[in-house]
Protein chains: 2
Amino acid sequence: MAEFDFGDRVVQINQNSLQSKCDTCPIHNRTMCAFAGEDAARELAMISRTRRISAGQTIVTEQDSLDFVGNVVSGVVKLSKTLEDGRQQIVGLLFPSDFMGHIFSDHTRFAYEAASDVEICVFDRKAFETLVQNNPEIQHELLLKVLTELDATREWMVLLGCQNARERIASFLLMLLRRSLQTGCPKEDLPPNPTIRFPINRKNIALFLGTTIETISRQIQSMSKARILKIIDGNTFEIINPGRLAKMANHEEWLEDYPV
Amino acid sequence: MAEFDFGDRVVQINQNSLQSKCDTCPIHNRTMCAFAGEDAARELAMISRTRRISAGQTIVTEQDSLDFVGNVVSGVVKLSKTLEDGRQQIVGLLFPSDFMGHIFSDHTRFAYEAASDVEICVFDRKAFETLVQNNPEIQHELLLKVLTELDATREWMVLLGCQNARERIASFLLMLLRRSLQTGCPKEDLPPNPTIRFPINRKNIALFLGTTIETISRQIQSMSKARILKIIDGNTFEIINPGRLAKMANHEEWLEDYPV
DNA sequence: CTCGAGAATTGATCCGCGTCAATGATCCGA
DNA sequence: TCGGATCATTGACGCGGATCAATTCTCGAG
């Protein structure tokens, strides 16, 4: 065991076992960890810890203090706000390699919940903040990540503000398709009929899209009848015509790879 | 005139006249400029320039490259996206002291337009990026600003996703009230019946709230009948009961100062 | 002052989708 | 294998707010 001082607290961690975790981390090179220098990477590895949360469990409630940050390793974390009367809106879905946490602030305004079985790699927040302050290159990566997330959030704002149910669901399918293609496969190898799985249940999709499970169901059936997709099972779909789907979403830039 | 090298370009600027501008800047201490060290502040002053844009003029279109960044000095800048069929959604309104620009990226996905007569203090983007990279404390302030903006954007996402027209308009009024109180007046000095002015026209409010000018008109009249506000003129309103307005908005934390 | 253009209000109508309710599918523990 | 629970699908209905249209208000030019 080694003892490390992160400014306002002392952390004791087994250095070897944790260092090795990052080497086998399936998402390491897509997270901000990949941009850390050698020393910072060692520190990150030392303060990291893996947590598993099963679907439906709350990780942090609104207004709670969030004393850790981290990366989603597998599964989907939902970020949501619930009004007094029970209405809820999901304001973000965090997929593997996404950064999770509310840094440089003592309380979040949104609840974090596992939308599926989830594995996250967490760091003590204060320790991570100290590390960020001492490593401008990590802070820069973090800034870029947050800027990207801000843009993505604004895109969804367009969706919620002025697109109808059909467009919202088409956009959601496209987002899933894009996330599943993010491994960076060359354009000519794109499958003509990609397959999509819903990683979360209908209720959460509805809460994210600002609609209802009934409307989602009707639209999926309607797309199936229109031969835009084929329902393999309730959660799996073969996209017969990605181009038409993109056109339907009215968000062309979300699927540049599949021309209409 | 002095000549300054910002990495990839050389800028010639009259140092004295520009330095003096920041001293008289009405919003200086609320912008990230206030956090710059002495050297950085001098650089900022040197690369800054004031631009005036009249209401309705486009500053940057979507997909354009945005070669400057800056702070809004007066007026309101709208950040929006327009779909092919003409539907438009405003994803952000920038008020005085707000930072404007799309840093560390060569093209924006949103258009910038003056929603009222506007005065902005601009910096060359590349020069500013260099300055940020060389000044971790400015980068940190920028990160905090972006994080705050991300949270604010998510709050509006809740609004667009699951709140009705009445709640949206009440929330908009509260936001204006809060912005106008940001000078930091002590709680006991709060005016019991504050006055609000719409800084932008109905069309832009509607585009921001994901509704229509007709609906806004009807809701305002309805609030007037319910004695929640008094219509001074078409753009000015006396808030008779801030507490009930907050309750109506269902976003209690937006007006903690006025208990229900 | 008048005139015309753009902005806001007010009224009438209609439709997308939320709501409620019933049925069907899947899964798990007993 | 059965029964209960959870989740998804399908149908019927109604409402909030978009749409269309007419009127009123505001303001700057002449």
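Letters A, B, ... mirror the listed sequences (proteins, then strands); counts begin at 1. On a predicted model such as this, the values are computed, not experimentally measured, just so you know. When reading the values below, keep in mind they use all heavy atoms of this one structure, side chains included, and skip hydrogens, waters and symmetry mates.
- Counting only heavy atoms from C-beta outward, the side chains of A:T195 and A:K230 never approach each other to under 4.5 Å.
- Across all strands shown, A:G56 has no heavy atoms under 4.0 Å from either base or sugar-phosphate atoms.
- Rounded to whole Å, the distance from CD on A:Q221 to P on C:dA25 is 12 Å.
- By the side chain to side chain donor-acceptor pair (under 3.5 Å) test, A:H28 pairs with no residue at all, sequence neighbours left out.
- For DNA chain C, none of the residues of residues 230-238 of chain A falls under the heavy-atom distance limit of 4.0 Å.
- Atom CZ of B:R218 and atom C1' of C:dT13 are 11 Å apart (whole Å).
- In this structure, CG of B:N204 is placed 14 Å from C1' of C:dG6, rounded to the nearest angstrom.
- B:E214 comes within 4.0 angstrom of a nucleotide base, judged by non-hydrogen atoms across all strands.
- As rounded to whole Å, 13 Å separates atom P of D:dA8 from atom CD1 of A:I169.
- Here B:R154 pairs with A:E149 under the salt bridge (Lys or Arg N to Asp or Glu O under 4.0 Å) rule; sequence neighbours left out.
- By the 30° and 60° cut-offs, the orientation of the rings of A:F208 relative to A:F172 is perpendicular.
- Donor-acceptor pairing under 3.5 Å is recorded for the side chains of B:R166 and B:Q219.
- In this structure, CZ of B:R168 is placed 12 Å from C1' of D:dA18, rounded to the nearest angstrom.
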